[in-house]
Novice: 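My structure is below; once you've seen it, I'll send some questions.
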Amino acid sequence: MKKIDFNHDWIFTQEGTRRRETVTLPHDAMINTDRNPGMRNYFLLAGFEGGKYIYTKTFHAPEEYRHKTLILEFEAVYCMSRVYINGEPVCEKPYGFTPFWVSLNPYLRFGGDNEIRVEANVPKEGHGRWYTGGGIYRPVHLCIGEENHIALSGVKVTTLGIHPARIQVDVEIQGAGLVSVDIRKDGKTVASGSREVKPEEGEAADSGREAEDSGRAAKSIKREAGAGNASVSLQLEVPDAKLWSAETPELYQAAVTLARGEKVYDEVTESFGIRTIEVNPEKGLLINGVPTFLRGGCIHNDNGVIGVINNDATELHRARILKKSGFNALRSAHHPMSRSLMKACDEVGLYVMDEAFDYWYRPKGGNPHCGLFLDTFREDTRAMVQDAYNHPCVVIYSIGNEIPEAGGVKGVRVGKEIVDIIRSIDATRPTTLCPSVHWLREYLDGVPYLTRDEDEWMAESPENKEKDWKHYRRIFLGAAANIPEDEKNLPYPPTFVRMDEEATKNLYPYLDIAGYNYYEDKYDTLHELHPERVLLGTETRGERIVDTMRYAREHPFLMKQI
């Protein structure tokens, strides 16, 4: 679908204030506001308070748009947002770090003016654990397509192998027509293939029939039952391929066309890189079969004095500075990375850990999205993976940062579902969890959550519910170390070893990489217990950085990211 810049001439206001101005998106509604020196947890949010931020835009929908497909795409809005079209509520999006889409056709007045209204409701306090900004801080696009069109995010490119280089291009379309794919490098076509999709082919495609080969392209097609969409798959060999890595960030373009006869319905071009990912405890992380050492850092989504305003230019500038400083990897802490920054990492050559969440269903502060997490995490996980799929820089998915509940029955169930969603869309990248493991063990200490669903246990009595809340608060206020006196001076007390094993035994075997924050002095013990695991440190105490990096270079089972 054709994407039109929809970022100009928005009217911004803040409820309860006199703020009113015409803005160009992306826009950070929080950065220029007064700070509250008496704010609770001032050090986390730098005193910036939230508010209700309102954006309105009027645009004309020509009569000829009536028979087209119109979608409004928001790359992200922070947070607890609602979208209205001509006064009618059409969409709610609690999470503030993933894209969402609004189908416009049912709500527009064709031949007349229309009002788009977006409200972002950032809680006054407790809305995050770092400076989050607020409002429509990533770009907005008006997507216009014919009835026959290539679906949004409907082109996926997968590396199947590198000796020789083979890729698979999956294209999801609405309708029918000839799907053509040209693979280009530096403007020259290096591989191509095509497949005709006929309206009546859906029934035959459901049977898994393979289409005829043409040249070096192996093709198949399937039509989704009841959806009216067809998914075309082409496998292509790319001769003399240049592989993507942090040292050689070589990029290709997949130019996809949907046409019938002389009429071109839609054109989409996706950038991608040809590279493979493998992890194993004997060699660690391998990119294109080469052992790769991560020298990384955790970054939030702000850009200093301009706040969280997100665009290609600022993110490319940031990526270049980080690469020049000696980094070869970044962790998006603690949310899905923006498209602009992933694009920059593709171009500059930086490996990325894309992280889904900073919390699950138990709160870290006062963000109300936490209470909606169980209703929304599936769509947000899918959106993260869908956004990242064609970016070669993304080499690891993290399902969460420092999630205390991840060792209990309910938490394990949620964690496995997140992993299952990721793998259902993208089976090429490994998954991990990035916990402070002491929170995992402390969450289970004194409650039956290792073997019982916490909701069921709390429902048994008001006393259990009260005990749960007091117990959870103590985790963040500093839980007591319930270990014998003769273990208190040991670097890794046996009691903690046992508790850590209990807290990780049900989820970690389901992950590809075992994450351990602040466990730099415990890697030998962890490897002895689990020689089958690849370990990853994603947060490291500053005084141990040098020793930890040396240790990681000598022990391939440890993938190191500072």
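For reference, positions follow the sequence shown, starting with 1. The shown structure was predicted, so the numbers you read here are calculated from the model rather than taken from an experiment.
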Novice: Quiz question: by atom type and distance under 3.5 Å, do the side chains of E520 and T548 form a donor-acceptor pair?
Specialist: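 There is no such pair between these side chains.
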Novice: Using the ring-ring contact (aromatic ring centres under 6.0 Å, His included) rule, collect all pairs that involve residues 526-551, keeping only residues at least two apart or in two chains.
Specialist: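 Qualifying pairs, neighbours excluded: Y523-Y551, H527-F557, Y551-H555.
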Novice: Y516 ring centre to K522 NZ or CZ under 6.0 Å, with the angle to the axis within 45°?
Specialist: no
Novice: Let's go through Y95 and F357 carefully: what are the C-alpha distance in whole Å and the side-chain angles of both, what is the deciding distance for ring-ring contact (aromatic ring centres under 6.0 Å, His included) to 0.1 Å, and is it a yes or a no?
Specialist: CA-CA 10 Å; Y95 197 39; F357 307 105; 5.4 Å; yes
Novice: Give every residue pair that meets the ring-ring contact (aromatic ring centres under 6.0 Å, His included) criterion with at least one member in residues 393-438, sequence neighbours excluded.
Specialist: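 The answer is none; no pair qualifies.
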Novice: So do the side chains of Y78 and D28 get within less than 4.5 Å of each other, counting heavy atoms only?
Specialist: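 No, their side chains stay 4.5 Å or more apart.
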Novice: Strictly by salt bridge (Lys or Arg N to Asp or Glu O under 4.0 Å), give each pair with a member in residues 504-513 just once, sequence neighbours left out.
Specialist: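 Checked against salt bridge (Lys or Arg N to Asp or Glu O under 4.0 Å) - neighbours excluded - the pairs reaching residues 504-513 are R423-D512, E502-K505.
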Novice: Is a donor on one side and an acceptor on the other found under 3.5 Å between the side chain of T292 and the backbone of V290?
Specialist: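 Yes: the side chain of T292 pairs with the backbone of V290.
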Novice: Taking side-chain contact (heavy atoms from CB on, under 4.5 Å) as the test, write out the residues that go with K283, two or more places apart.
Specialist: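 Checked K283 against side-chain contact (heavy atoms from CB on, under 4.5 Å); matches are N280, L286.
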Novice: A165: what forms a side-chain contact (heavy atoms from CB on, under 4.5 Å) with it, not counting sequence neighbours?
Specialist: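 Result, side-chain contact (heavy atoms from CB on, under 4.5 Å) vs A165: V238, A241, I274.
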Novice: Centre of Y472's six-membered ring, under 6.0 Å away, within 45 degrees of the axis: is that where NZ or CZ of R362 sits?
Specialist: yes
Novice: Residues in ring pair (Phe, Tyr, Trp, His ring centres under 6.0 Å) with H471, at least two apart?
Specialist: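 Checked H471 against ring pair (Phe, Tyr, Trp, His ring centres under 6.0 Å); zero matches.
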Novice: Can you list the residues that meet the ring pair (Phe, Tyr, Trp, His ring centres under 6.0 Å) rule with Y449, with sequence neighbours excluded?
Specialist: Y443, W457
Novice: Within the 3.5 Å criterion, strictly below it, is a donor on Q168 or T158 matched to an acceptor on the partner's side chain?
Specialist: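 Note: Q168 and T158 side chains miss the donor-acceptor criterion.
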Novice: Tell me whether D486 at atom CG has more than 12 heavy atoms from other residues, nucleotides or ligands lying less than 6.0 Å away.
Specialist: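 Atom CG in D486 is crowded, with more than 12 foreign heavy atoms closer than 6.0 Å.
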Novice: Would you say R429's side chain and V394's backbone share a donor-acceptor pair under 3.5 angstrom?
Specialist: yes
Novice: So, S332 side chain and H334 main chain: donor-acceptor pair closer than 3.5 Å or not?
Specialist: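 No, because the side chain of S332 does not come within donor-acceptor range (under 3.5 Å) of the backbone of H334.
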Novice: Answer with yes or no whether the side chains of Y389 and E270 bring together a donor and an acceptor at under 3.5 Å.
Specialist: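 Absent: no donor and acceptor within the cut-off.
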Novice: Only pairs at least two apart or in different chains count here, so list each salt bridge (Lys or Arg N to Asp or Glu O under 4.0 Å) that has a residue in residues 370-383.
Specialist: K93-E379, K93-D380, R378-E417
Novice: What pairs with K470 under salt bridge (Lys or Arg N to Asp or Glu O under 4.0 Å), at least two apart in sequence or on another chain?
Specialist: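 With neighbours one apart ignored, the set is E466.
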Novice: Please identify each residue that fulfils salt bridge (Lys or Arg N to Asp or Glu O under 4.0 Å) with K416, with sequence neighbours left out.
Specialist: none
Novice: Would you say the ring centers of Y361 and F377 fall short of 6.0 Å from each other?
Specialist: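 No, too far apart.
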Novice: Mind checking side-chain contact (heavy atoms from CB on, under 4.5 Å) for S424 and listing every partner two or more places apart, or none if nothing turns up?
Specialist: none
Novice: For E247, does its backbone N or O pair with a side-chain atom of S245 as donor and acceptor, under 3.5 Å?
Specialist: yes
Novice: Under the side-chain contact (heavy atoms from CB on, under 4.5 Å) test, which residues partner K323, sequence neighbours left out?
Specialist: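 K323 satisfies side-chain contact (heavy atoms from CB on, under 4.5 Å) with V348, L350 only.
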